[in-house]
Amino acid sequence: MFVSAAGFQSGAIEVAKAHGVDLFTVTYDETEPQLPRQMSTVTLRNPLAPPGMEPEIEIGEPTITANLEHLKVIYAGGPSAVLPNEQSALNYYLAKSRLADGRGLMDVVCQPIFDLDLGEVRHERVVIDPPQQLSVPDEFFVRRGLVIALEWTITGRMGRAISGTVRFDPGMLTKPVVYTNVITGEALRFSIDQLPLGSDGVQVGRFYFITTPLNYYYCAGIDGKTVTWHIIESFQCGELFQGTFTQQIEWTHTYIPVADKKILRRLEKRLQTYLLRRNAERAA
């Protein structure tokens, strides 16, 4: 059996038919965004919704949206810093990083755009005159300092408006994964949390992540069939969520080991900070 996201040439299909080999293509169904079935979701009440209403979420039809990418902070007399492109993390740093005049980075870069075409790319630059000190929630991506300019890219991409009586982070939405047998035409559909994307088993003392939403975890202990996790980095609704929870080991098949050394260094520092704060709160 062979699986491809790019499809197969006609010659390969003929050879597969002759030798009884199954060929599958894998795609995402963009028409059916959904919340994960096996994961808790942080939701906040929409302050504009009338009190007492039941939680409701409505996802609009696809439309062209302005996607903010590659935001660079340029400092006086020092190297620049680039904010993360992952939207949940980017929203957190845009909301929590503020200039000395009280404006957040969100106020500076997120301006209405009405005439953007699909696939169009625009490069924007704002000079901070006079330069201003920038305060930040932490220095993993961007640092405190005297800022002289901001640069970023706007790209026209397809997106959907989300409305309702509650707010949740759009990064929670998943798209069904479709495996199509090229030989028979049969299609199999799975939610992303049904796929065993992780390793055969988790190990104490290692960092892991899941992709939807992008969350990072630390395996703090395994007692029989129960795993204790520290959630170290989860950006949702413009906030950083951290905490500790237990989970049955049978549900850990979606956790993927973190291998990137730069990310591991960041997570180790976040873990130290979290444990110090947690211990201090317990002792208070």
Side-chain angles (χ1 to χ4, degrees), residues 28-69 71 83-98 103-114 137-138 157-177 189-195 197 208-217 229-248 251 254-255 270 274 277-278 281:
Y28 289 101
D29 186 348
E30 304 280 352
T31 66
E32 293 188 17
Q34 56 190 229
L35 291 172
R37 296 181 296 180
Q38 300 176 3
M39 184 177 300
S40 299
T41 305
V42 174
T43 58
L44 305 175
R45 180 181 175 275
N46 186 342
L48 300 178
M53 293 190 65
E54 293 293 323
E56 293 182 352
I57 296 172
E58 182 175 339
I59 300 175
E61 293 299 315
T63 186
I64 299 175
T65 61
N67 199 66
L68 175 64
E69 302 168 340
L71 175 60
L83 271 68
N85 269 342
E86 197 278 321
Q87 289 298 306
S88 299
L90 177 59
N91 288 339
Y92 172 77
Y93 285 98
L94 286 176
K96 301 296 183 180
S97 303
R98 309 196 73 83
R103 289 181 298 165
L105 295 187
M106 185 83 75
D107 302 320
V108 179
V109 303
C110 294
Q111 302 297 324
I113 297 177
F114 301 103
D138 57 57
R157 302 189 186 279
M158 298 303 295
R160 296 171 181 261
I162 301 174
S163 59
T165 59
V166 296
R167 294 172 50 225
F168 70 96
D169 196 276
M172 292 294 300
L173 290 172
T174 68
K175 294 166 286 191
V177 181
R189 297 168 62 85
F190 303 91
S191 63
I192 193 71
D193 48 9
Q194 290 179 298
L195 300 178
L197 300 177
Y208 295 84
F209 72 98
I210 60 173
T211 58
T212 309
L214 180 59
N215 289 344
Y216 290 97
Y217 303 84
W229 293 104
H230 297 319
I231 181 167
I232 299 304
E233 190 177 271
S234 174
F235 297 105
Q236 297 186 51
C237 299
E239 300 291 342
L240 171 62
F241 287 87
Q242 296 179 312
T244 300
F245 67 97
T246 58
Q247 183 181 48
Q248 292 299 300
W251 300 112
T254 59
Y255 291 75
R270 282 208 192 275
Y274 168 69
R277 186 180 71 250
R278 181 169 174 259
E281 291 172 351

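- Inter-residue side-chain proximity for R98 and M106 is flagged as unmet; no heavy-atom pair is nearer than 4.5 Å.
- Counting all heavy atoms, side chain and backbone alike, K96 lies closest to P137 at CB-CG, 3.6 Å.
- Of all non-hydrogen atoms in Q236 and N215, the two that sit nearest each other are NE2-ND2, 4.4 Å.
- A donor and an acceptor atom, one from each side chain of T244 and Y274, are located under 3.5 Å apart.
- Here NE2 of H230 is found 13.5 Å from OH of Y217. Values are rounded to the nearest 0.5 Å.
- Qualifying side chain to side chain donor-acceptor pair (under 3.5 Å) partners for D107, counting only residues two or more places apart in sequence or in other chains: none.
- Not counting sequence neighbours, the partners of Y93 by the side chain to side chain donor-acceptor pair (under 3.5 Å) test are D138, R270.
- Using a 4.5 Å heavy-atom threshold, the side chains of Y28 and V177 count as touching.
- Looking only at side-chain heavy atoms (C-beta outward), Y255 and F209 stay at 4.5 Å or farther from each other.
- Of all non-hydrogen atoms in E233 and L240, the two that sit nearest each other are CA-CD1, 4.0 Å.
- Side-chain atoms of L94 and V108, non-hydrogen and from C-beta on, never get closer than 4.5 Å to each other.
- In terms of heavy atoms, T254 sits closest to I210 at O-CG2, 3.7 Å.
- Side-chain atoms of T65 come within 3.5 Å of backbone atoms of R157 as a donor-acceptor pair (strictly under, hydrogens ignored).
- Looking at every heavy atom in both residues, L214 comes nearest to E86 through CD2-CG, 3.8 Å.
- Around the CZ atom of F245, the shell of radius 6.0 Å holds more than 12 heavy atoms that belong to other residues, nucleotides or ligands.
- Atom SG of C110 is separated from atom CG of N91 by 7.5 Å, given to the nearest 0.5 angstrom.
- In terms of heavy-atom proximity, F235 sits nearest to D169 at O-OD2, 4.0 Å.
- Side-chain contact annotation: Q242 with R277, donor-acceptor N/O pair under 3.5 Å present.
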Going by atom type alone, with no hydrogens or angles, which donor-acceptor pairs under 3.5 Å involve a side-chain atom of residues 160-167 and a protein atom two or more places apart or on another chain?
| residue | atom | partner | partner atom | Å |
| --- | --- | --- | --- | --- |
| R160 | NH1 | G60 | O | 3.1 |
| R160 | NH2 | E30 | O | 3.1 |
| T165 | OG1 | E54 | O | 2.9 |
| T165 | OG1 | E56 | N | 2.8 |

